[in-house]
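For reference, the structure discussed in these notes is given below.
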Amino acid sequence: MKTKIIKIDTDNFVADDLNEAADILRNGGLVAFPTETVYGLGANAMDNEASKKIYKAKGRPSDNPLIVHIAHMEDMEVLVEEVPEMAYRLAEVFWPGPLTIILKKKESVPNETTGGLNTVAIRLPANRIARELISLSGVYVAAPSANISGKPSPTRAEHVINDLMGRIDMILDGGKATLGLESTIVDLSEGQPMILRPGCITQEMLENVIGPIEYDPAIVGKAPNRDIKPKAPGMKYRHYAPEGSLTIYSGEIHDVINAINSAAKQMCENGNRVGIISTEETKNYYHYGLVKTIGSRKDEASIAAGLYAILRDFDELHMEYIYTESFAENYFGQAIMNRLLKAAGYQLIQV
Ligand code: AMP
Ligand code: MG
């Protein structure tokens, strides 16, 4: 398949620039497009054959459900049995934006889109290209991250090109995804609201709007607990992983730097290719391997935005061992550590 790439300037485009992409979606094809979280791989969510194409292009297990993207809040009512009061309140505060809400689906939403579940995940993205595209296409757009299943999510069009060139109809290049981490997922399908995936909209922000909200037990704690059955099958899969072996070092920062330096020294002396994920504040303290800076500790958003790109950069350089500092679990930190731990296969060394 030939994949067409179109550059779109987020700050300066007209709806007509998206006509061809909207046509593809309407006709059951696949279009990758930027969102404020990561790039999404879109297809008509109400067309089961189109949804199946997403799974095939990504190599995604068929029981891992897709998020349905909408352009108008009222569209929620077409997709779900009943919209609870709490869903309206969250949507009013956080949409458009990086929040996904799970509700009981209507019969008309295909099982292919929801991975066989009787619930559907819905989001109204903030990125203007994404919203215009959905609106113009006139369909609801199922869109998981636009990467090969298991790899770090794409935050730039180049990442999508690397993974999906020749496998999809079109890639809209709209520059960098500003946030860089997937949406916060909140399940409202069973009364008691639950966070299924942490993201840039934090527990505290949600509680300010709807009161107490718990984390799903399947995401609490370091490694997945085999006795707990995850709500969404997707939570059980290997995710965000670089090709090299990634290890997180946690503890007092000077001890972390020393431990990473000594591990890196040994691996380099053994002839391995070593990458180090540092911060603006610590980059000058590492003496072995290739040192890259993820962002600044003074600006957590920069670390969130840089995470997947740095993992992909190290893949391109075929690094065999990657060492990273850990990050405080406040505000965005919870989401950053959730992704980092999954990417590392839960290899964390406490120093
Ligand atoms: P991605 O868009 O690649 O980040 O993947 C979407 C993720 O959303 C899935 O892996 C699930 O964890 C979650 N999800 C989507 N739909 C549902 C649903 N109906 N119930 C629970 N989780 C869901
Ligand atoms: Mg994904």
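Values in this document were obtained by computation on a predicted structure and should not be read as measured data. Whatever order the structure lists them in is the order used to number ligands and atoms, beginning at 1.
In Glu281, the CD atom is crowded: over 12 heavy atoms of neighbouring residues, nucleotides or ligands sit closer than 6.0 Å. Within 6.0 Å of atom CD in Glu107, 12 or fewer heavy atoms from other residues, nucleotides or ligands are found, so the atom counts as exposed in its surroundings.
Any N or O atom pair closer than 3.5 Å counts here, and Glu182 shares no such pair with ligand 1. An N or O contact shorter than 3.5 Å links Ser145 to ligand 1 by distance.
Close approach to Leu196 involves these atoms of ligand 1, each under 4.0 Å from a residue heavy atom: 21 (C), 22 (N). Interface of Leu66 with ligand 1, defined as ligand atoms under 4.0 Å from a residue heavy atom, comprises 15 (C), 16 (N). Less than 4.0 angstrom separates some heavy atom of Ala121 from each of these atoms of ligand 1: 15 (C), 16 (N), 17 (C). Those atoms of ligand 1 that come under 4.0 Å of a heavy atom in Leu117, given as number and element, are 18 (C), 19 (N), 20 (N).
Taking a cutoff of 4.0 Å between a charged side-chain nitrogen and a carboxylate oxygen, Arg312 and Asp315 do not qualify as a salt bridge. Here Asp169 does not pair with Lys4 in a salt bridge; the nearest charged N to carboxylate O distance is not below 4.0 Å.
Looking at Arg60 against ligand 1, only its side chain comes within 4.0 Å, counting heavy atoms. Heavy atoms from both the backbone and the side chain of Thr119 come within less than 4.0 Å of ligand 1. Of the heavy atoms in Lys105, none comes closer than 4.0 Å to ligand 1.
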Quick one: side chains of residues 88-98, donor-acceptor pairs under 3.5 Å with protein atoms, not counting sequence neighbours, listed by atom name and distance.
from	atom 1	to	atom 2	distance (Å)
Tyr88	OH	Glu77	OE2	2.6
Arg89	NH1	Val209	O	3.2
Trp95	NE1	Leu99	O	2.8

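Under the 6.0 Å cut-off for aromatic ring centres, Phe33 and Tyr39 do not qualify, their centroids lying 6.0 Å or more apart.
Under the 4.5 Å side-chain heavy-atom criterion for Ile, Leu, Val, Met, Phe, Trp and Tyr, Phe314 and Ile276 are members of distinct hydrophobic clusters.
Looking at Leu348 and Leu340, their side chains never come closer than 4.5 Å, going by heavy atoms from C-beta outward.
Ranked by closest heavy atom to atom 20 (N) of ligand 1, the top entry among Ile102, Val38, Ile185 is Ile102.
Residue contact annotation: Tyr240 places no N/O/S atom under 2.8 Å from the Mg ion (ligand 2).
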